[in-house]
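To find a chain, count down the sequence lines: A is the first, B the second, and so on, and within it residues start at 1.
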Number of protein chains: 2
Amino acid sequence: MRILKEPEVRKNEILDAAEELFAQKGFDGTSTNNILEKASIARGTLYYHFKSKEDIMDALIERINARILTAAEEIASDKNIPVFERLLRAVLALNVSEQSANVLEYVHKPQNALMNQKIHRAMMAGIPPILTEIIRDGIQEGLFDTPFPYECMEMVVVYLNTIFDEDMPALSDSERSAKVKAFAFNAERLFGAQEGSFVNVMAMFNEKGQNDHD
Amino acid sequence: MRILKEPEVRKNEILDAAEELFAQKGFDGTSTNNILEKASIARGTLYYHFKSKEDIMDALIERINARILTAAEEIASDKNIPVFERLLRAVLALNVSEQSANVLEYVHKPQNALMNQKIHRAMMAGIPPILTEIIRDGIQEGLFDTPFPYECMEMVVVYLNTIFDEDMPALSDSERSAKVKAFAFNAERLFGAQEGSFVNVMAMFNEKGQNDHD
DNA sequence: ATTTTATAGACAGACAGTCGGTCTATAAAC
DNA sequence: GTTTATAGACCGACTGTCTGTCTATAAAAT
């Protein structure tokens, strides 16, 4: 007895199943059979809707990415929020909020190198423009001073994604704290911000970050 | 008629074969059968020496990495070379020289995500300490001024690896030139160097870089 | 001669994708 | 209204490739 569904419905069911499995076992650790079972469909159905396993991953990344960037973009364009707070909230939306907890799950799976690469690329295309808008407002208000806001933001985002990514050799608490301090100092230099201003943002970041996880 | 060889000899033959194939077709695109054929050995021999396909890759990365970092380290510790030139030559040894042309080949293969990740990790562990030594000398000589030489170097290396990596969306010549200019400016800020000093280094870098490829 | 090391290749099971066929909904023809 | 044809969604057996395992054995060492 076969069950017919709208293509969009079925596609999302497959993506839902894949999302859960990739997060749990990684892309490489998830077989198409796992997906079939979880979505309760046959092999031919899967390949009717997606042309390959990698196609499923690409669709999933696109879906997740859209969610995350949309949330951050709304925050970034809300001129009623002060610049530093906006920056903080956008970063939270991108890295720590419940929505992007999914991204972190994937990134840290050992069998997810390809997916990591694609996620990273999507993030690098999407995040700096959003955050640079905030930096430009900060420049207008005299909080920052750099002729290259985009490139500064790009550098900071790349670094955050790499060094504070749990995938890298684990940092002890004191190592992490030292790195955060150094990073704040370096970010102040890059953006031409007043010394100490990013340290304060970082403190808020850590507080909010921890609250979110309690 | 079987041919016996010293384990180290045989191991290196397998690695040589793998090195060529991974560069040509990527890790995922290379089957163990390809390696068997190229090294003229049987499957059992391969698994006698290496415990898995991934083990071969790990050994290969280690081999290449050792070569590259050794060359750069020699340059970095040669106190007779002026700081800026030492920095330039070490960077060349790490990124552009013939030895590391091999690394670039791997990094840009579409089926090499896992290998990229491992190479990147190895590089991030090996490169910043070497270059930071040079920065420290520069601080001693008053060329640089930063309380966080290591973290600055780390940031710069991460950025160089990511943004100027050909794997990222291709940059036009003018885009690249603009990015190099912005990067030089930002590096000057990070290291507390005199404005314009890194732009000059970059010019040398481009010249030398181009000559190497002609 | 016996033991150890290195080599060979047949075999097994998992995997992603293919292919031929079936089923369902629906429009068109009667 | 009923019948027929069509489109497209679905099914599952099958295929070829892949990595790793296992058994046999040649060559070297003792």
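- To the nearest angstrom, P of D:dG20 lies 10 Å from CG of B:Asp55.
- Distance CD (A:Glu37) to P (C:dA16): 12 Å, rounded to an integer number of Å.
- Side-chain atoms of B:Asn33 and B:Arg43 form a donor-acceptor pair, as typed in the model, at a separation below 3.5 Å.
- Among the nucleotides D:dG20, C:dG17, D:dG12, the one closest to any side-chain atom of B:Lys53 is D:dG20.
- With rounding to whole Å, B:Leu46 atom CG is found 17 Å from C:dT5 atom C1'.
- Following rounding to the nearest Å, B:Lys11 (NZ) and C:dT5 (P) show an atom-to-atom distance of 14 Å.
- Contact annotation: B:Arg10 does not reach the phosphate of C:dA6 (side-chain N/O to OP1 or OP2, under 4.0 Å).
- For A:Thr32 and C:dC15, the shortest distance from a side-chain N or O to OP1 or OP2 is not below 4.0 Å.
- Positionally, the nearest nucleotide of DNA chain D for B:Thr30 lies more toward the 5' end than for the other of B:Thr30 and B:Leu4.
- Atom CZ in B:Phe50 sits roughly 16 Å away from atom P in D:dT21 (whole-Å rounding).
- Per the geometry, CG belonging to A:Asn34 stands 14 Å off P belonging to C:dG17, to the nearest Å.
- The interatomic distance linking A:Ile14 (CD1) with C:dA16 (C1') rounds to 15 Å, in whole Å.
- Residue-level contact check: A:Lys5 touches the backbone only, with heavy atoms under 4.0 Å from sugar-phosphate atoms and none from bases.
- Between the side chain of B:Glu175 and the backbone N or O of B:Ser172, at least one donor-acceptor pair lies under 3.5 Å.
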Worked check of salt bridge (charged side-chain N to carboxylate O under 4.0 Å, His left out) between A:Glu54 and A:Lys118: CA-CA 11 Å; A:Glu54 191 172 330; A:Lys118 292 186 181 231; 2.8 Å; yes
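- The phosphate of C:dT7 has neither OP1 nor OP2 within less than 4.0 Å of any side-chain N or O from B:Tyr48.
- Side-chain contact check for B:Arg10 versus B:Ile3: some heavy-atom pair is nearer than 4.5 Å.
- Counting non-hydrogen atoms under 4.0 angstrom, A:Ile41 reaches the backbone sugars and phosphates but no base.
- Counting only heavy atoms from C-beta on, A:Arg43 has its side chain closest to C:dA16 among C:dG9, D:dT19, C:dA16.
- Neither OP1 nor OP2 of D:dG8 sits under 4.0 Å from any side-chain N or O of A:His49.
- Across D:dG20, D:dC11, C:dA8, the shortest atom-to-atom separation from the side chain of B:Tyr47 is found for D:dG20.
- Atom CD1 of B:Ile35 is separated from atom C1' of C:dA8 by 17 Å (rounded to the nearest Å).
- Residues A:Asn34 and A:Ser31 bring a donor and an acceptor atom of their side chains to less than 3.5 Å of each other.
- Of the two residues contacting DNA chain D, namely B:Glu6 and B:Ser31, the nearest-nucleotide position lying further toward the 5' end is that of B:Ser31.
- The side chain of B:Thr45 places an N or O atom within less than 4.0 Å of a non-bridging phosphate oxygen (OP1 or OP2) of C:dA8.
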